Amino acid sequence: MTVYLSASLRLEQISIALAGRELLAVDATIAPGEVLTVMGPSGSGKSTLLAYIAGFITREFSASGGVWLGEQYLLSLPAEKRGIGLLFQDPLLFPHLSVGGNLRFGLPRHIQDKHQQVTQALKQVGLAGFEARDPATLSGGQQSRVALMRLLLSKPRAVLLDEPFSKLDTALRQEMRTLVFSQLHTAGLPALLVTHDHEDANAAGGPVIELG
């Protein structure tokens with residue numbers, strides 16, 4: 001199992017507004033291996049909160065407050081230097097790359113044994129032997145597993161989850177919840193989940209902030 005440098009993700013008095021109207025206010029610390037869930041309806045600023053933390057908030061929103069990962073202040077860093085991994089509703093696999101190519105893309109450049117890392121990652125999520133497969137031939141659940149392992153192989157120090165289960169059918173949704181949260185817990189990564197689904201929050205098992 002990959003070893004991560006565990007650190008808490010601190011959100012200090014974050015406020016996000018649109019056209020002068022405050023959408024949300026969050027003040028929280030997420031411990032290593034913990035998932036904080038932020039729940040709220042569409043338009044409540046959930047995804048914008050993730051964009052602020054990750055470093056790609058758009059100009060129509062105004063935001064204030066601090067974001068710390070351990071002792072490192074993230075807001076002074078460009079997005080690619082923040083050590084944040086992202087998992088979205090869609091797997092967003094590269095169609096021109098094989099499954100193995102997608103996973104190798106996530107690996108830091110200094111990693112030497114890329115083939116071994118990819119082989120082990122696929123075995124870990126029940127996809128042994130899928131390295132040469134075209135992502136278009138995979139089921140939705142299989143694509144989601146590849147997206148999760150690509151994220152973990154990129155060695156993030158914290159993870160943001162933007163309703164990653166919302167497009168899966170009911171049975172697969174529960175399976176992926178179990179897989180994602182167990183992987184994050186084992187890796188000791190602080191994670192922030194935004195969702196409107198109470199079942200997501202229950203499966204995450206951490207603290208919950210309800211907006212509105």
Side-chain angles (χ1 to χ4, degrees), residues 1-2 4 6 8-11 14 16 22-54 56-57 67 84-93 102 106 121-122 124-127 130 135 138-154 156-212:
M1 185 68 199
T2 302
Y4 296 82
S6 298
S8 294
L9 180 64
R10 288 184 287 141
L11 313 177
I14 292 177
I16 293 176
E22 185 176 76
L23 299 177
L24 62 80
V26 174
D27 190 84
T29 297
I30 309 170
E34 181 178 65
V35 181
L36 169 67
T37 301
V38 175
M39 297 194 63
S42 297
S44 59
K46 303 188 304 298
S47 293
T48 308
L49 172 63
L50 300 190
Y52 180 60
I53 296 167
F56 52 87
I57 191 169
V67 181
I84 300 291
L86 296 155
L87 203 60
F88 297 100
Q89 294 179 13
D90 295 307
L92 300 179
L93 300 180
N102 270 274
L122 289 172
Q124 199 171 322
V125 291
L127 296 177
F130 277 60
L138 304 184
S139 68
Q142 289 169 337
Q143 290 184 13
S144 295
R145 288 169 181 239
V146 174
L148 170 64
M149 294 316 294
R150 183 177 63 182
L151 178 151
L152 292 174
L153 287 175
S154 71
R157 296 177 60 214
V159 173
L160 305 179
L161 307 163
D162 193 353
E163 305 206 39
F165 316 112
S166 63
K167 292 190 174 182
L168 302 174
D169 62 50
T170 303
L172 186 55
R173 195 176 303 166
Q174 187 54 47
E175 179 185 325
M176 283 306 300
R177 286 183 187 121
T178 301
L179 176 64
V180 169
F181 297 136
S182 65
Q183 290 282 341
L184 295 175
H185 178 73
T186 299
L189 294 169
L192 175 60
L193 166 72
V194 300
T195 184
H196 61 273
D197 189 336
H198 284 277
E199 291 301 319
D200 288 349
N202 291 339
V208 179
I209 296 173
E210 296 210 35
L211 305 175

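Since the model is a prediction, treat every value here as computed from it, not as a measurement.
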Could you tell me whether the side chain of Val67 reaches within less than 4.5 Å of the side chain of Leu11, counting heavy atoms only? yes
Check for a donor-acceptor pair, side chain of Lys46 on one end and backbone N or O of Met39 on the other, with a separation under 3.5 Å. no
With heavy-atom distances below 4.5 Å as the criterion, would you say the side chains of Leu49 and Leu192 are in contact? yes
Minimum heavy-atom distance between Asp197 and Arg173, given as atom pair plus value: OD2-NH1, 3.8 Å
Note: Lys167 and Asp90 closest approach over all heavy atoms is NZ-OD1, 3.1 Å
Measure the CG-CG distance between Leu184 and Leu148 for me, rounded to the nearest 0.5 Å. 7.0 Å
Rounded to the nearest 0.5 Å, what separates atom CD1 in Ile16 from atom CG in Leu24? 4.5 Å
What distance do Ser144 atom OG and Glu175 atom CD have between them, rounded to the nearest 0.5 Å? 10.0 Å
Minimal heavy-atom distance between Asn102 and Pro135, with the atoms involved, is ND2-CG, 3.7 Å
Roughly how far, to the nearest 0.5 Å, is CG of Leu92 from CD of Gln143? 10.0 Å
Work out which heavy atom in Leu153 is nearest to a heavy atom in Ala121; give both atom names and the distance. CD1-CB, 4.0 Å
With ring pair (Phe, Tyr, Trp, His ring centres under 6.0 Å) as the rule and sequence neighbours excluded, what pairs involving residues 178-212 come up? Phe165-Phe181
In the structure I gave you, are the side-chain heavy atoms of Leu160 and Ile84 within less than 4.5 Å of one another anywhere? yes
If we only count heavy atoms from C-beta on, is the Gln124 to Gln183 side-chain gap below 4.5 Å? yes
Between Val180 and Pro164, is there a side-chain heavy-atom distance shorter than 4.5 Å? no
I need the minimum non-hydrogen distance between Leu36 and Ala28, along with the two atoms involved. CD2-CB, 3.8 Å
So Phe56 and Leu86, do their side chains get closer than 4.5 Å, heavy atoms only? yes
Find out whether Arg150 and Leu93 are in side-chain contact, i.e. whether some heavy atom of one side chain is under 4.5 Å from a heavy atom of the other. yes
Start with the C-alpha gap between Gln174 and Arg177, add the side-chain angles, then the distance that decides, and say whether side chain to side chain donor-acceptor pair (under 3.5 Å) holds. CA-CA 5 Å; Gln174 187 54 47; Arg177 286 183 187 121; 3.0 Å; yes
Pair Asp200, Thr37 - check side chain to side chain contact (heavy atoms under 4.5 Å, CB included), show working. CA-CA 8 Å; Asp200 288 349; Thr37 301; 5.8 Å; no
Heavy atoms, side chains only, cut-off 4.5 Å: are Val146 and Pro91 in contact? no
State, to 0.1 Å, how close Ser8 and Ala31 come at their nearest heavy-atom pair, and which atoms those are. OG-CA, 3.8 Å
Quick one: OG on Ser139 to CG on Leu172, what's the gap to the nearest 0.5 Å? 7.0 Å
Could you check Leu152 against Leu189 for side chain to side chain contact (heavy atoms under 4.5 Å, CB included), going step by step and ending with a plain yes or no? CA-CA 10 Å; Leu152 292 174; Leu189 294 169; 4.0 Å; yes
